[in-house]
Amino acid sequence: MNNKIKEEPILGVKVAVTDMNQVVNFIYKNIKDLSGKYICVSNVHTTVMSYEDSDYKKIQNSAALRLPDGGPLSSVQRKRGYKDAQRVTGPDLMKRLFEESENNQLKHFFYGSTLETLSTLETKLKEKYPKLKIVGKYSPPFRKLTIDEDKKIVEEINNSNADIVWIGLGAPKQEIWMNEHEGKVTGVMIGVGAGFDYHAGNIKRAPKWMQKCNLEWAYRLCQDPKRLFQRYVKTNFKFIKLVNKENKK
């Protein structure tokens, strides 16, 4: 592949040292070589999960790229001497690739979330990016697909000739799904968690100042405290403790 991106391991996860422009250029220049491969959008939660689960860590590190979605990851990289390391969030990456695709005519498929969210997402994207080529969408049931069902949706994705297959299942489900379908799905798979909800308008992004201060997690926690308390608060403190220990080695 062209323009290979440097990596800095954090708790055993090989996180890309990069910025948005470099990632977008990398994807476009290598779109054919990335076909059948997947990209993880990593954060504190997935990094700690990888540290505690060797199988999940292997899935993360098997990806073509692991992007620093979480601000703390790029902050750790800057403290380790990579002054230009920047955060690359899933929703922002989607936005940039949608913008670029209007000119380059790359085709997009959406896998995940609910039918309602996917319909709203498609409507809003077509309003904002009228030339964007959306070639398919699929909302999987809340259970494991049968072999035949999975084979059918893979055929649907491949027959759509999608260049980018967006996966919105949430971690760790989306990474496991992408790993299991590596080499089976044509197009590059990118796991973006709640990215569908952001672009559908179901969830509001934190103010820019909170994003810059690595406080977007606090904004999300206020939106859904019951579900996210353990994930954000406990995991964030665990991450700080583990990284400090790693830095001392």
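If you're wondering where the values come from, they're calculated on a predicted model, not measured in any experiment. Numbering of residues begins at 1 and proceeds along the displayed sequence.
- Here the shortest heavy-atom pairing between Gly195 and Pro91 reads CA-CG, 4.3 Å.
- Using a 4.5 Å cut-off between side-chain heavy atoms of Ile, Leu, Val, Met, Phe, Trp and Tyr, with links allowed through other members, Phe109 and Leu118 fall into different hydrophobic clusters.
- Looking at Phe26 and Leu65, their side chains come closer than 4.5 Å, going by heavy atoms from C-beta outward.
- Note that the CG atom of Leu125 and the CG atom of Leu132 stand 6.0 Å from one another [nearest 0.5 Å].
- At a threshold of 4.5 Å between non-hydrogen side-chain atoms, the residues Ser74 and Arg87 count as touching.
- Taking both residues in full, the closest heavy atoms of Val17 and Ile5 are given as O-CG2, 3.6 Å, listed atom of the first, atom of the second, then distance.
- Remark: the backbone N or O of Gly187 is paired with a side-chain donor or acceptor of Ser35 at under 3.5 angstrom.
- Checked against salt bridge (charged side-chain N to carboxylate O under 4.0 Å, His left out), Lys95 has the following partners two or more places apart in sequence or in another chain: Glu99.
- Residue pairs meeting the salt bridge (Lys or Arg N to Asp or Glu O under 4.0 Å) criterion with at least one partner in residues 182-196, sequence neighbours excluded, do not occur; the list is empty.
- Residue pairs meeting the side-chain hydrogen bond (donor to acceptor under 3.5 Å, both in side chains) criterion with at least one member in residues 138-149, sequence neighbours excluded, are Arg143-Glu149, Thr146-Glu149.
- Listed by chain and residue number, nothing satisfies the ring pair (Phe, Tyr, Trp, His ring centres under 6.0 Å) test with Phe239 (two or more places apart in sequence, or in another chain).
- In this structure, a donor-acceptor pair under 3.5 Å is absent between the side chains of Thr46 and Glu175.
- Between Val243 and Arg80 the shortest side-chain heavy-atom distance falls below 4.5 Å.
- Between the side chain of Gln174 and the main chain of Leu169, a donor-acceptor pair closer than 3.5 Å is present.
- The main-chain N or O of Thr117 is found under 3.5 Å from a side-chain atom of Thr114 such that the two form a donor-acceptor pair.
- Considering OG of Ser75 and CD1 of Ile10, their distance stands at 9.5 Å, rounded to 0.5 Å.
- Hydrophobic clustering places Ile59 together with Val185 (ILVMFWY residues linked when any side-chain heavy atoms are closer than 4.5 Å, directly or through intermediates).
- Considering only residues two or more places apart in sequence or on other chains, Asn30 meets the side chain to side chain donor-acceptor pair (under 3.5 Å) condition with none of them.
- The shortest non-hydrogen separation linking Ala200 to Thr120 is O-CG2, 3.4 Å.
- Judged purely by atom type and a 3.5 angstrom limit, Tyr111 has no side-chain atom pairing as donor or acceptor with the backbone of Ile157.
- Among residue pairs with one or both ends in residues 154-171, those qualifying as salt bridge (Lys or Arg N to Asp or Glu O under 4.0 Å) are Lys107-Asp163; sequence neighbours excluded.
- The two atoms that bring Val88 and Asp19 nearest to each other are CG2-C, 3.7 Å, heavy atoms only.
- Residue pairs meeting the salt bridge (Lys or Arg N to Asp or Glu O under 4.0 Å) criterion with at least one partner in residues 114-135, sequence neighbours excluded, are Glu122-Lys126, Glu122-Lys137.
- Under the 4.5 Å side-chain heavy-atom criterion for ILVMFWY residues, no single connected hydrophobic cluster contains both Val165 and Leu106.
- Nearest approach of Asn179 to Ser62, heavy atoms of both residues: ND2-CB, 4.1 Å.
- If you take OG on Ser101 and CD on Gln105, they are separated by 9.5 Å, rounding to the nearest 0.5 Å.
- To the nearest 0.5 Å, atom CG of residue Asp84 and atom OG1 of residue Thr18 are 10.5 Å apart.
- When all heavy atoms of Met189 and Gly36 are compared, the closest pair comes out as CE-O, 3.8 Å.
- Residues passing the side-chain contact (heavy atoms from CB on, under 4.5 Å) test with Lys238 are Val48, Glu52, Leu242, sequence neighbours excluded.
- In this structure, a donor-acceptor pair under 3.5 Å is present between the side chains of Asp150 and His181.
- Taken to the nearest 0.5 Å, the CG atom of Asn104 stands 10.0 Å off from the CD1 atom of Ile31.
- Sorted by first and then second residue, the salt bridge (Lys or Arg N to Asp or Glu O under 4.0 Å) pairs involving residues 58-73 (not counting sequence neighbours) are Glu7-Arg66.
- Hydrophobic side-chain contacts under 4.5 Å tie Ile147 to no other Ile, Leu, Val, Met, Phe, Trp or Tyr residue.
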Practice task
Begin with the C-alpha distance, continue with both residues' side-chain angles, and end with the deciding distance and a verdict on side-chain hydrogen bond (donor to acceptor under 3.5 Å, both in side chains) for Thr89 and Tyr198.
Solution key: CA-CA 12 Å; Thr89 74; Tyr198 282 117; over 6 Å; no

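- Leu93 and Tyr38 fall into different hydrophobic clusters, defined by Ile, Leu, Val, Met, Phe, Trp and Tyr side-chain heavy atoms under 4.5 Å apart, directly or through other members.
- With Gln77 contributing its side chain and Ala16 its backbone, the two residues share a donor-acceptor pair below 3.5 Å.
- A distance of 5.0 Å separates CD1 in Ile190 from CD1 in Ile164, rounded to the nearest 0.5 Å.
- Under the side chain to side chain donor-acceptor pair (under 3.5 Å) criterion, Asn21 pairs with Arg96, sequence neighbours left out.
- Under the ring pair (Phe, Tyr, Trp, His ring centres under 6.0 Å) criterion, the residue pairs touching residues 78-101 are Phe98-His108, Phe98-Tyr129, Phe98-Trp166, Phe98-His199, with sequence neighbours excluded.
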